[in-house]
Amino acid sequence: MASFSSDIRPIIGRGPSLVARSLFLGAVSIALMVADHRYGYLNSVRQTMSIVVYPIQWLVDLPSRVTHWTQDSFADRSRLRTENEALTSAMRDADLKLQTLAALTEENRRLRELNEAVGNVTDKRLIAGIMRVDLDPLRHRVLLNKGQIDGVFKGQAILDTHGIFGQVTQVGRFTSEAILISDPEHAIPVRVNRTGLRTIVEGTGSTGRLNLPFLTSEADIKVGDLLIASGLGGIFPSGYPVAEVTRVDRNPSETFATVEAKPMALLDRDYEVMLIWYQPAEVETFTGTGKKAAVPRPEKVRNPS
Amino acid sequence: MSQDRIGLARIIITSIIALLLTITPLPNALNAARPDWMLLLLLYWILNAPLHAGLFYAWVCGLVMDALVGTLLGEHALAFTLVAAVTHRFQFRMRILPILHQAAVVLLLVLLYHWLLYVISGMAGETVSSWLRWLPAVISALFWPVLVSVLDTVNRLSK
């Protein structure tokens, strides 16, 4: 153990000095950060690093996967039966709705053709699991177990069965990082379903609450209104539900109303989410969504492979 | 030579354990109060094996943290390097302090670390200012005596 606790040689005075070394490493770190933040040069470095840390993430995620698997394998017969019945009835309901929807979709497509705007077509989707790994507690990010080898790309929209969940911010080789719509850095262009009014929904840092900062006091909006993605910005497919308005405060002395909404997606309870590929309509290429763009680092990759 | 290798292996293994603890899922309330395991370990090795745990080790640990937690590459690396430099500068004084005094100094160092992260992420335009940000520093200082006693015991047993 000679090298451990009995080392009394001065660190300073051997090789480059402490200050010189910290200045050098500090400069390298700052260069890295600038390259990463401003220019996004480091995608390949990030990819490599994501492979390096993947075993750690895999290991931490392992217990939850094992319990999930054992629950699935040893589920008792009665539970499976009730689950099956519930699913069958849900399926029947969904089928009924689909029948009317097919006609509506067709009608909608014809109308859109009249408008010379091509609707959003979801070409492909992929189920991704959320890894049970804690990232920074102050930011709303999750790690998905699908990465570059599955064709995931930066800026890809993520949905769950109830609505829009978030988008991909970093793509690793086997994993990718996603930002939730409730992250304070995230903003998504929406439309009020009842009136067609367009606005932007921002995250607040709390999973149950979103903020609509750009609605004037006279805006036609009320509690219970459904907010759907407008498709502006080209990230999210239009028409998918985002949130429901829960609070509207109009103060006549203020220009803007205080409007809050609750996300439709189960942001804090999801186990699996859906990554989608779609072709944004031509008319919806739109820049300058106001205060911030819909992507934290605006870089839109649209090729689906 | 082989002693050296054992020491290095021990540093690497404990670092991996610290990284695992950094991302282990906790209930939401506890998650905000998670001690900064990686930084505590770094401070421990700087005080106990300064020849192995130098600034470069700190920098590499920071870079791995960045990849693990998903921050800007270099953010944790810079904070780790600077805190490690300060610790190296004062290591002789810190090593002779009683454990509780040492914990107080560690509190200052961890606060410096969180302040650096706060400034860096603020400059990158993505910061969260809430008092919760400073909670891990206090918790980390409380965990310092525990970490030191555990690692000292491990070192003594496997001498």
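Reminder, nothing fancy here: chain letters follow the sequence lines and each chain counts from 1.
Surrounding CZ of B:F56 are at most 12 heavy atoms belonging to other residues, nucleotides or ligands under 6.0 Å away. Within 6.0 Å of CZ in A:F24 there are 12 or fewer heavy atoms belonging to other residues, nucleotides or ligands. At most 12 heavy atoms of other shown residues, nucleotides or ligands fall within 6.0 angstrom of atom CZ in B:F143. For B:W115, the CH2 atom counts as loosely surrounded, since its 6.0 Å shell holds 12 or fewer non-hydrogen atoms of other residues, nucleotides or ligands.
Nearest approach of A:I56 to B:L19, heavy atoms of both residues: CD1-CD1, 3.6 Å. Between A:L25 and B:W59, the closest heavy-atom pair is O-NE1, 3.6 Å. Across all their heavy atoms, B:L72 and A:H37 have their closest contact at CD2-CB, 3.7 Å.
The interface of residues 63-71 of chain A with chain B, defined by heavy-atom distances below 4.5 Å, is empty. Chain A is approached within less than 4.5 Å, heavy atom to heavy atom, by no residue from residues 98-105 of chain B.
Here CG of A:L143 is found 8.0 Å from CD1 of B:I23. Values are rounded to the nearest 0.5 Å. In this structure, B:I120 CD1 and A:M33 CE are separated by 4.5 Å, a value rounded to the nearest 0.5 Å. Remark: B:L78 CG to A:S22 OG distance equals 10.0 Å, nearest 0.5 Å. Taken to the nearest 0.5 Å, the OG atom of A:S29 stands 8.5 Å off from the CG atom of B:D66.
Across B:A53, B:A67, B:P25, the residue that shares the most heavy-atom pairs under 4.5 angstrom with chain A is B:P25. Interface summary for chain A: among B:L26, B:I16, B:T22, B:L82, the most heavy-atom pairs under 4.5 angstrom belong to B:L26. Looking only at heavy-atom pairs under 4.5 Å with chain A, the residue among B:L55, B:T81, B:V64 that has the most is B:L55.
With a 4.5 Å cut-off on non-hydrogen atoms, A:L23 does not touch chain B at all. Both the backbone and the side chain of A:Q57 come within contact range of chain B, judged by heavy atoms closer than 4.5 Å.
Partners of A:E260 under the salt bridge (charged side-chain N to carboxylate O under 4.0 Å, His left out) rule, at least two apart in sequence or in another chain, are A:R209, A:R247. A search for side chain to side chain contact (heavy atoms under 4.5 Å, CB included) contacts involving B:I13 returns B:I17, not counting sequence neighbours.
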